[in-house]
Amino acid sequence: MNEVTLLAASAVPVGKIQSRPEAPDQILEHELLSEVVRQSLAQANVSKTEVGAMIFAEPHIYTKQKYFATFMAGYLGMKCEGAVMEILGNGMTGGLVFDRAVDEVRLGRTEVALALGVNLETAVPATEHMNYTMRATGDVDFQAPAGFTPISWYAMDAVRYMHETGATREQISSVAVKNRKHAMLNPLAQFRKPMTIEDVLASKPIVHPLSLLDVPPRSDGAVCLVLASRRVAEQSGQPYVVLRGRGSYHEGVHQIADAPADMIAFDAARRAGKALYDDAGLTPDQIDIAEVYAPCTIVEILVAEALGLLEKGKGAEQTEAGETTLGGRIPINTSGGCQSRGHPARLTPLYNALELYQQLTSQAGPRQVDGARIGLMCCELGNYNAALTHVLETA
Amino acid sequence: MIEHVIPMTGNRPYPPRTSGFTKTFWDGIAEGRFQTTTCTDCQKTTFPPKPICPACMGANVEWKEISGRGTIYSYTIIHAAPSIFAHETPYAVGIVDTPERLRIGARLLIPQERLQVSMPVAVGRMEYEDGPFFGFVEAEGHGTK
Ligand SMILES: [Zn+2]
């Protein structure tokens, strides 16, 4: 098995990019992504002829160009010995893209693989988008007819967590305030104005007890990561990070088990975390920073607890106390997280990898975590029914 | 037995499909029986009903009427809904654990201010104009002491 490095990471700022259908000047998916690919290859100091695999996040159904991966291979004139393909895995899509691109290098099929994609959805109203996404987060015959929405499951995590631990709404929502502080320092973030806990609590209710600023915004994005062999990375003369370990687990559940179980233990994240720590020979206290896929405030708390970064049942309290804030014991989501960096859903794990790349190569500017050498990322699907973890380390 | 009937306005926003297999379940809802499948080999009861046993992967399953009683494990109130459900907002959904050791996700037809974790509930038939669906109501006698 070959060692794999993350040699470059480029992206457009997360925000509203998708054109309305009637707009005379349309943003085209391939034009948007091509420029990001160009930038990432320049940053990596590798030529396009060295790229031997391209793994794409499957664009949303709204994207006009179909068979996007092979179209892009033609548009960019990329000749590849390895895979050129699209991946779809709900919220885990970007993580699976990263994982598959890593494998192309690890297995020696190529020395340079791209993990990339576009996510364009914001011109479609949320209420319309949900008619489609509700079918991805529940049984379409036995649950969808009741009106469950994707984030309604996370809201039920919050109600249960408050019931079991006595955590307050303010403590849970402190995640959003912390993430906004981080986003204010991130030029790629969607929301960068100051925000207080009062703002979060006063925002309109979405899914009780979560309100607008606890839940993810609608976001577009485009991102390209360059995965390379250690040899190519060393020759490039550019900064890079090394993949040190990985873990994954699917608990064989879609949203809820068919029998009573501890839903808020996020067992898939716990097991994927344990697999990661075993693979990397690390313990949770050795992690310097973490970028976790957490669409809602409560999710960040629960996944951090499951990964052993926060204490079980105390995560909300510890977040409010600043342990996960920049300068705290274990900074989490220094990018600004889904609430403020933004949540281009199919790319979020790739944007998370980009944040780790910037932090671990000391390119994070004013939000740089001093001495950060080991960074963990974790993504999921459903109600954390499956989790995929990676740990990256400074070269 | 489904003892509670809740009149609903209009058609089901997102009607379920019926197969040759699930017809037994949906016919039962219409006729007042809340049923699912149990494996006759390993005795595992599962929900939603399945033509195979997810525990032992056998195919010997039989329909069984279940109590339709349970308690709320968790719940939420949906204010921002898909457009097809917008006219029903705000509405509550939840996770109900039953004495048969089943976990069921469903609409909760309970006033928002009364909702609480561990509340006893009972299954009810939501009577839409185009057909039925199931949900849970507050169990009778709960909260009267
Ligand atoms: Zn069985």
Residue selection (most heavy-atom pairs with chain B, distance under 4.5 Å) from A/Ile206, A/Asp157, A/Val140, A/Val159: A/Ile206
Residue, of A/Met156, A/Gln255, A/Arg135, that accumulates the most heavy atom pairs under 4.5 Å with chain B: A/Met156
Below 4.5 Å from any heavy atom of chain A, which atoms of [X] appear? Answer side chain, backbone, both or neither.
| X | result |
| --- | --- |
| B/Ser118 | side chain |
| B/Ala106 | backbone |
| B/Arg17 | both |
| B/Leu108 | neither |

Distance (rounded to the nearest 0.5 Å) between [X] [atom1] and [Y] [atom2]:
| X | Y | atom1 | atom2 | value |
| --- | --- | --- | --- | --- |
| A/Met263 | B/Tyr73 | CE | OH | 5.5 Å |
| A/Gln143 | B/Ile104 | CD | CD1 | 10.0 Å |
| A/His208 | B/His79 | NE2 | NE2 | 7.5 Å |
| A/Met162 | B/Ser74 | CE | OG | 10.5 Å |
| B/Tyr75 | A/Ser152 | OH | OG | 14.0 Å |
| A/Asn131 | B/Ile84 | CG | CD1 | 4.5 Å |

Between [Y] and [X], is there a side-chain heavy-atom distance shorter than 4.5 Å?
| X | Y | value |
| --- | --- | --- |
| B/Thr22 | A/Asp141 | no |
| A/Asp258 | B/Arg103 | no |
| A/Pro260 | B/Arg101 | yes |
| A/Met130 | B/Phe85 | no |
| B/Gln116 | A/His163 | no |

Neighbour count above 12 (heavy atom, 6.0 Å) for [X] [atom1]:
| X | atom1 | result |
| --- | --- | --- |
| B/Arg69 | CZ | no |
| A/Lys64 | NZ | no |
| A/Lys314 | NZ | no |
| B/Glu140 | CD | no |

Interchain contact, A/Ala257 with chain B, by part (heavy-atom threshold 4.5 Å): backbone
Proximal component of A/Asp139, with respect to chain B [non-hydrogen, under 4.5 Å]: side chain
For the student: nearest non-hydrogen atoms of A/Gly147 and B/Ile78, plus distance: O-CD1, 3.2 Å
Over all atoms of both residues, closest heavy-atom pair of B/Tyr91 and A/Ala146: CE1-O, 3.7 Å
A/Phe142 and B/Phe47 aromatic ring geometry - parallel, tilted or perpendicular at 30°/60° bounds: perpendicular
Name of the residue among A/Ile151, A/Val207, A/Leu210 meeting side-chain contact (heavy atoms from CB on, under 4.5 Å) with B/Thr76: A/Val207
